[in-house]
**Student:** 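I'd like to ask you about the structure that follows.
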Amino acid sequence: MEISFAGKRALVTGAGKGIGRATALALARCGAKVTAVTRTQADLSSLVQECPSITPVCVDLADWGATEASLKDIGPIDLLVNNAACANLQPFLEVTPDQFDQSFNVNVKAVLHVSQIVAGGMKARGSGGSVVNVSSQASQCALRDHTVYCATKAALDMLTKVMALELGPHQIRVNSVNPTVVMTEMGRIGWSDPEKAKGMKSRIPLGRFAEVEDVVNSILFLLSDKSNMTNGVSLPVDGGFLSC
Ligand code: NDP
């Protein structure tokens, strides 16, 4: 299946590393003009070195005012990938207010904010568009030490549905991908311990973690017109974990 984003403008958050970086590069390869948003300048510099057509934006998405200022002149966007997130793991009884606020600020509130900015422009132009929120299997299945992360991703799945409901009439589709573990920097935080990894893999019918490219391919599908009638879904990229 050939996917082309020629003539489209895309914005990817958390594009410095992992899934977001690979998504930004894949979109550029498929012809999109990509704006990459993340908070570490060194990651943006190496990304632009790798793909000079990418426009970098350096901002901490947890900061509402700074995000507003950084994105106000980005121009029209057709495709949005809300990918940036943090994973602070603690046992339930040890969760602190700061960790809670930081996670919800990035994983949920920033998605709302960036989407308001981008979808507001799509609505004003009447151009339609497609938004993909990067959620997790953790939105639908309790994982030990993942209280706040699970809660943010569950909130994100519902945010996805309400956005799909309200933005659909403007021909803006909103969906999420819900991956199992991917061994990025974030994945390594929770799953480097071989015993833990073995326990998780034993619950995945395909018996393995996802690769970055597995997630990127699902994101590209949901962004593209190959999924034109798909709106408001959470697409597992989990080898069957959530089905069993
Ligand atoms: P990584 O940690 O590898 O990359 C996350 C990227 O987001 C980094 O570039 C990071 O920048 C950026 N980011 C984080 N916080 C902010 C912020 N406040 N402002 C701007 N940028 C920020 O994570 P993954 O690629 O693994 O994760 C991508 C998405 O996939 C996330 O939504 C995650 O929840 C989801 N996911 C990941 C899974 C996994 O096992 N890896 C499984 C299921 C879902 P910096 O490094 O500078 O902080």
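Bear in mind that the values here come from a model prediction, so they are computed numbers and not experimental data. Just follow the structure's listing: the first ligand is 1, and inside any ligand the first atom is 1.
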**Student:** Heavy atom to atom 24 (P) of ligand 1, shortest distance: which of Leu44, Thr152, Thr184 holds it?
**Tutor:**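 Checking each option, the heavy atom nearest atom 24 (P) of ligand 1 is found in Thr184.
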**Student:** Do Asn107 and Cys86 make a side-chain contact, defined as non-hydrogen atoms from C-beta onward lying under 4.5 Å apart?
**Tutor:**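 With C-beta onward as the side chain, the pair touches.
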**Student:** In terms of atom number and element, which parts of ligand 1 are under 4.0 angstrom from non-hydrogen atoms of Val106?
**Tutor:**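 Those of ligand 1 that fall under 4.0 Å from Val106 are 15 (N), 18 (N).
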**Student:** Would a 4.5 Å heavy-atom cut-off, applied to side chains only, mark Asn88 and Val148 as touching?
**Tutor:**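 They are not in side-chain contact.
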**Student:** Which ligand 1 atoms does Gly18 reach within 4.0 Å, using its non-hydrogen atoms?
**Tutor:**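 Going through ligand 1 atom by atom, the ones under 4.0 Å from Gly18 are 3 (O), 25 (O).
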**Student:** Using a strict 4.0 Å cut-off to heavy atoms of Gly16, name the atoms of ligand 1 that fall inside it.
**Tutor:**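 Reading through ligand 1 atom by atom, the close ones are 9 (O).
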**Student:** Counting N and O atoms only, with roles assigned by atom type, does the side chain of Lys196 sit under 3.5 Å from a partner on the main chain of Gly190, one being a donor and the other an acceptor?
**Tutor:**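 Yes; at least one donor-acceptor contact below 3.5 Å.
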**Student:** Can you tell me which residue and heavy atom of the protein come closest to atom 22 (C) of ligand 1, and the distance to 0.1 Å?
**Tutor:**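 For atom 22 (C) of ligand 1, the nearest protein heavy atom is Ala84 CB, 3.8 Å.
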**Student:** Do me a favour and list the nearest non-hydrogen protein atom to atom 10 (C) of ligand 1 with residue, atom name and distance?
**Tutor:**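 Of the protein heavy atoms, Thr38 OG1, 3.9 Å lies nearest.
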**Student:** In the protein, what heavy atom is nearest to atom 23 (O) of ligand 1, and what distance, to one decimal place, separates them?
**Tutor:**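 Going atom by atom, the protein heavy atom closest to atom 23 (O) of ligand 1 ends up being Met186 CB, 3.5 Å.
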**Student:** Side chains of Ser46 and Arg21: is there a donor and an acceptor less than 3.5 Å apart?
**Tutor:**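 Yes, Arg21 and Ser46 have a side-chain donor paired with an acceptor closer than 3.5 Å.
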**Student:** Does some non-hydrogen atom of Val37 fall short of 4.0 Å from ligand 1?
**Tutor:**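 Outside the 4.0 Å threshold, so no.
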**Student:** Would you kindly confirm whether Ile204 and Val181 end up in one hydrophobic cluster when ILVMFWY residues are joined by side chain heavy atoms under 4.5 Å apart?
**Tutor:**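 Hydrophobic grouping puts Ile204 with Val181.
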**Student:** Measure Tyr149 to ligand 1 on non-hydrogen atoms and call it side chain, backbone, both or neither using the 4.0 Å cut-off.
**Tutor:**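 Under 4.0 Å from ligand 1, Tyr149 contributes side-chain atoms alone.
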**Student:** Around atom 14 (C) of ligand 1, find the nearest protein heavy atom and jot down its residue, atom name and distance.
**Tutor:**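 So the nearest neighbour among protein heavy atoms is Ala85 O, 3.5 Å.
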**Student:** Considering heavy atoms of the protein only, find what lies nearest to atom 16 (C) of ligand 1 and give residue, atom and distance to 0.1 Å.
**Tutor:**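 Here the closest protein heavy atom is Arg39 NE, 3.7 Å.
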**Student:** Regarding Gln90 and Asp145, do their side chains bring together a donor and an acceptor under 3.5 Å, going by distance alone?
**Tutor:**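 Side-chain D/A pair, Gln90 to Asp145: absent.
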**Student:** Does Ser135 have a heavy atom less than 4.0 Å from any atom of ligand 1?
**Tutor:**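 Checking ligand 1 against Ser135, which is what was asked, there is a heavy-atom contact under 4.0 Å.
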**Student:** Between Leu80 and Val215, is there a shared hydrophobic cluster once you connect ILVMFWY residues whose side-chain heavy atoms come closer than 4.5 Å?
**Tutor:**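 Looking at the clustering, Val215 is in a separate group from Leu80.
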**Student:** So between Met200, Arg188, Arg21, Lys17, whose heavy atom ends up nearest atom 9 (O) of ligand 1?
**Tutor:**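 The nearest heavy atom belongs to Lys17.
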**Student:** Name the closest protein heavy atom to atom 20 (C) of ligand 1, giving the residue it belongs to and the distance to 0.1 Å.
**Tutor:**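 The answer is Val59 O, 3.4 Å.
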**Student:** Using non-hydrogen atoms of the residue, decide whether Cys86 is closer than 4.0 angstrom to ligand 1.
**Tutor:**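 The answer is no, since Cys86 has no heavy atom less than 4.0 Å from ligand 1.
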**Student:** Can you confirm whether the side chains of Arg173 and Thr230 place a donor and an acceptor under 3.5 Å from each other?
**Tutor:**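 No, Thr230 and Arg173 have no side-chain donor paired with an acceptor closer than 3.5 Å.
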**Student:** Applying a strict 4.0 Å limit to heavy atoms, is Lys153 in contact with ligand 1?
**Tutor:**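 It does, in that a heavy atom of Lys153 comes within the 4.0 Å cut-off of ligand 1.
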**Student:** Report the nearest protein non-hydrogen atom to atom 32 (O) of ligand 1: residue, atom name, distance rounded to 0.1 Å.
**Tutor:**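 Residue, atom and distance for the closest contact: Asn83 O, 2.7 Å.
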**Student:** Between the side chains of Ser135 and Asn178, is a donor N or O closer than 3.5 angstrom to an acceptor N or O?
**Tutor:**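 Looking only at side-chain atoms, Asn178 and Ser135 do form a donor-acceptor pair, the distance falling under 3.5 Å.
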**Student:** Can you list the atoms of ligand 1 that are under 4.0 Å from a heavy atom of Val134?
**Tutor:**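 Under 4.0 Å from Val134, ligand 1 has these atoms: 29 (C), 30 (O), 32 (O), 35 (C).
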**Student:** Any side-chain heavy atom of Ser176 sitting closer than 4.5 Å to one from Ser234?
**Tutor:**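 Yes, close enough: below the 4.5 Å cut-off.
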**Student:** Counting heavy atoms only, which of Asn178, Val177, Thr180, Val114 comes nearest to atom 38 (C) of ligand 1?
**Tutor:**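 Checking each option, the heavy atom nearest atom 38 (C) of ligand 1 is found in Thr180.
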**Student:** Whether the side chain of Asp225 engages the backbone of Asn228 through a donor-acceptor N/O pair (distance < 3.5 Å, no angle test) should be reported.
**Tutor:**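 Checked: no pair found.
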**Student:** Which of the atoms in ligand 1, numbered in the order shown and given with their element, are less than 4.0 Å from a heavy-atom of Gly14?
**Tutor:**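 The atoms of ligand 1 under 4.0 Å from a heavy atom of Gly14 are 6 (C), 7 (O), 9 (O), 12 (C).
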**Student:** Which of the atoms of ligand 1 are close to Glu185, meaning less than 4.0 Å from one of its heavy atoms?
**Tutor:**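 So the answer, numbered in order with elements, is 3 (O).
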**Student:** Atom 43 (C) of ligand 1: which protein heavy atom is closest, and how many Å away?
**Tutor:**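 Going atom by atom, the protein heavy atom closest to atom 43 (C) of ligand 1 ends up being Pro179 O, 3.4 Å.
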**Student:** Should you measure from each heavy atom of Asp60, which atoms of ligand 1 turn up under 4.0 Å away?
**Tutor:**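 Selected atoms, number and element: 17 (C), 18 (N), 19 (N).
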**Student:** Tell me yes or no: between the side chains of Asn82 and Thr13, is some donor less than 3.5 Å from an acceptor?
**Tutor:**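 Looking only at side-chain atoms, Thr13 and Asn82 do not form any donor-acceptor pair under 3.5 Å.
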**Student:** What do you reckon, does Gln137 have a nitrogen or oxygen under 3.5 Å from a nitrogen or oxygen of ligand 1?
**Tutor:**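 N/O-N/O distance under 3.5 Å: no.
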**Student:** Using a strict 4.0 Å cut-off to heavy atoms of Gly187, name the atoms of ligand 1 that fall inside it.
**Tutor:**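 Listed by number with element, the hits are 40 (O), 41 (N).
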**Student:** Is there a donor-acceptor contact under 3.5 Å linking the side chains of Gln99 and Ser103?
**Tutor:**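 On atom types as modelled, these side chains do not qualify, holding no pair under 3.5 Å.
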**Student:** With a 3.5 Å distance limit and no angle check, can you tell me whether Arg188 reaches the backbone of Met183 through a side-chain donor-acceptor pair?
**Tutor:**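 Checking the backbone N and O of Met183 against the side chain of Arg188, a donor-acceptor pair under 3.5 Å is found.
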**Student:** Side-chain heavy atoms under 4.5 angstrom apart, residues restricted to Ile, Leu, Val, Met, Phe, Trp, Tyr: same cluster for Ile117 and Leu112?
**Tutor:**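 They do share one cluster, since a chain of ILVMFWY contacts under 4.5 Å joins Ile117 to Leu112.
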